[in-house]
Amino acid sequence: MRIIFMGTPDFSVPVLDALVAAGHDIAAVYCQPPRPAGRGKKDRPSPVQARAEALGLDVRHPVSLKTVEAQEDFATLQADVAVVVAYGLILPQAVLDAPRLGCLNIHASLLPRWRGAAPIHRAIMAGDAETGVCIMQMEAGLDTGPVLLREALAIGAEETTGGLHDRLSAMGARMIVDAVAGLPLPATPQPDAGVTYAAKIDKAEAQVDWTLPAAQVDRLIRGLSPFPGAWCDVGGERVKLLGSRLADGTGDPGQVLGGFTVACSTGAVEVTRAQRAGKKAMPVDEVLKGLVLPDHLI
């Protein structure tokens with residue numbers, strides 16, 4: 001197949017690699033433009049751009065696909081299909097219609113649950129028992145298209161968004177190779193029931209509230225790890241909490257029960273991984289060698 005690949009972050013890289021390894025002709029790679037990053041705020045290419053350039057592929061990063069010029073450039077590639085995974089721009093109808101077999105999206109949820117920007121985070125934060133990947137035929141609506149392939153996996157009791165992200169990325173890479181090989185595939189419309197939206201993560205959500213039930217605090221910590229990272233105040237220092245599990249013990253909300261186990265409104269949470277300001281993320285035993293917790297974190 002002659003394929004246009006459209007993706008930007010780390011999640012998309014294994015998918016690009018899988019399509020290349022399967023022998024497909026990658027007509028062009030579309031990704032977001034380089035963004036200022038690091039202490040020097042120099043423009044840094046996205047993970048997909050860096051990987052595509054290493055593979056010797058044609059890389060394009062238009063600011064918008066709404067212009068006639070951008071749409072004509074896309075159409076002249078004469079692709080059989082476009083594969084879209086965490087690209088970051090809305091595709092106008094002219095772009096959706098340009099490839100012979102349309103545009104396929106790899107979405108990291110069991111649609112119609114968690115349409116939108118942050119399906120992995122939201123699945124963990126909501127306490128879902130499972131999630132998965134859908135290969136969807138794209139249409140103009142937000143993640144509303146019919147599903148071609150669907151596969152589920154269980155979410156681990158101590159799994160973070162980072163770990164689940166990697167498992168779903170590998171699953172999507174494997175599934176899209178199967179999907180492209182089988183085109184055209186039967187398309188199953190998404191049901192109207194069960195639609196939820198995975199809103200973009202707001203950093204204002206990240207402060208831990210120990211007055212909530214332990215299960216909710218645990219899901220917040222794991223769901224926001226590694227980014228943006230849930231946090232709490234420890235003696236005036238903001239400490240990121242990047243791993244946790246439910247623990248035995250009761251006490252006043254915010255009471256430290258030993259180690260980095262903290263009582264909540266019901267139950268307790270044991271923090272297993274944390275990061276102090278200006279330092280690397282470490283197992284909590286290492287963090288506590290230089291950090292003295294007060295009796296209460298509220």
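- L246 is not connected to I155 by any chain of hydrophobic side-chain contacts under 4.5 Å among Ile, Leu, Val, Met, Phe, Trp and Tyr, and they are in different clusters.
- At a threshold of 4.5 Å between non-hydrogen side-chain atoms, the residues S12 and F5 count as touching.
- Annotation: Y30 is not in aromatic contact with H61 [ring centroid separation under 6.0 Å not met].
- No donor-acceptor pair closer than 3.5 Å links the side chain of T250 to the backbone N or O of G267.
- Hydrophobic clustering (ILVMFWY, side-chain heavy atoms < 4.5 Å, transitive): V133 and I124 are in one cluster.
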**Message:** Walk me through whether D25 and M1 qualify under side chain to side chain contact (heavy atoms under 4.5 Å, CB included).
**Reply:** CA-CA 6 Å; D25 174 19; M1 288 278 187; over 6 Å; no

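- In terms of heavy-atom proximity, V195 sits nearest to R115 at CG1-NH1, 3.7 Å.
- In this structure, V48 is a member of the same hydrophobic cluster as L168, with clusters built from ILVMFWY side-chain heavy atoms closer than 4.5 Å.
- Counting only residues at least two apart or in different chains, salt bridge (Lys or Arg N to Asp or Glu O under 4.0 Å) contacts with residues 266-282 comprise E237-R276, R245-E270.
- Annotation: side chain of Q71 is in contact with side chain of P92 (closest heavy-atom distance under 4.5 Å).
- For the pair V271 and V284, the tightest heavy-atom approach, listed with the atom from each and the gap, is O-CG1, 3.4 Å.
- Hydrophobic clustering of Ile, Leu, Val, Met, Phe, Trp and Tyr side chains at less than 4.5 Å, counting indirect connections, unites L57 with V180.
- Following chains of ILVMFWY side-chain contacts shorter than 4.5 Å, one cannot reach L220 starting from F227, and the two form parts of different hydrophobic clusters.
- Here the CG atom belonging to L257 is positioned 9.0 Å from the SG atom belonging to C264, to the nearest 0.5 angstrom.
- Within a 6.0 Å radius of CD in Q93, more than 12 heavy atoms belonging to other residues, nucleotides or ligands are found.
- Ionic pairing of R35 and D43 is not present here: no N-O contact between side-chain nitrogen and carboxylate oxygen is shorter than 4.0 angstrom.
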**Message:** L297 vs D233, test: side chain to side chain contact (heavy atoms under 4.5 Å, CB included). Steps then yes/no.
**Reply:** CA-CA 7 Å; L297 295 178; D233 185 279; over 6 Å; no

**Prompt:** Going through the checks in order, is the side chain to side chain donor-acceptor pair (under 3.5 Å) test met by T144 and E139?
**Reply:** CA-CA 7 Å; T144 57; E139 55 183 34; 2.8 Å; yes

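- Residues C103 and L91 come closest through the heavy atom pair SG-CD1, 4.3 Å.
- Checked for salt-bridge contact, R222 and D218 meet the test: a charged N lies under 4.0 Å from a carboxylate O.
- At least one side-chain heavy atom of P294 sits less than 4.5 Å from a side-chain heavy atom of V234.
- Using a 4.0 Å cut-off between charged side-chain N and carboxylate O, D80 and R100 make a salt bridge.
- A salt bridge is defined here as a Lys NZ or Arg NE, NH1 or NH2 lying under 4.0 Å from an Asp or Glu carboxylate O, and R167 with E151 fails to meet this definition.
- Side-chain contact between M136 and Q190: present, with at least one pair of heavy atoms (C-beta onward) separated by less than 4.5 Å.
- A 4.5 Å side-chain heavy-atom check between Y197 and L142 finds at least one atom pair inside the cut-off.
- Heavy-atom minimum distance, L77 versus A28: CD1-CB, 3.7 Å.
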**Request:** Please lay out, stage by stage, how Y87 and L65 fare under the test side chain to side chain contact (heavy atoms under 4.5 Å, CB included).
**Result:** CA-CA 12 Å; Y87 173 42; L65 291 171; 3.8 Å; yes

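- Closest approach of I298 and W210 over heavy atoms only: CD1-CB, 3.7 Å.
- Here OG of S225 is found 9.5 Å from CD of Q275. Values are rounded to the nearest 0.5 Å.
- In terms of modelled atom types and a separation under 3.5 Å, the side chain of N105 and the main chain of M138 share no donor-acceptor contact.
- A 4.5 Å side-chain heavy-atom check between Q137 and L104 finds at least one atom pair inside the cut-off.
- A 6.0 Å sphere centred on CD1 of I90 holds no more than 12 heavy atoms belonging to other residues, nucleotides or ligands.
- Heavy-atom contacts from other residues, nucleotides or ligands closer than 6.0 Å to CD of Q78 number 12 or fewer.
- Salt-bridge check for K200 with D202: failed, with every basic side-chain N at 4.0 Å or more from each acidic carboxylate O.
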**Asked** What do the steps show when you test H107 against I135 for side chain to side chain contact (heavy atoms under 4.5 Å, CB included), and what is the final call?
**Response** CA-CA 6 Å; H107 189 75; I135 308 296; over 6 Å; no

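- In plain terms, the two heavy atoms of W114 and S109 that are nearest each other are O-OG, 3.3 Å.
- A salt bridge links D128 with R113: the closest approach of a Lys/Arg side-chain nitrogen to an acidic carboxylate oxygen falls below 4.0 angstrom.
- Using a 4.5 Å cut-off on side-chain heavy atoms (C-beta onward), I26 and L19 make contact.
- Looking at P9 and S46, their side chains never come closer than 4.5 Å, going by heavy atoms from C-beta outward.
- The environment of CZ in R2 is crowded: more than 12 heavy-atom neighbours from other residues, nucleotides or ligands sit within 6.0 Å.
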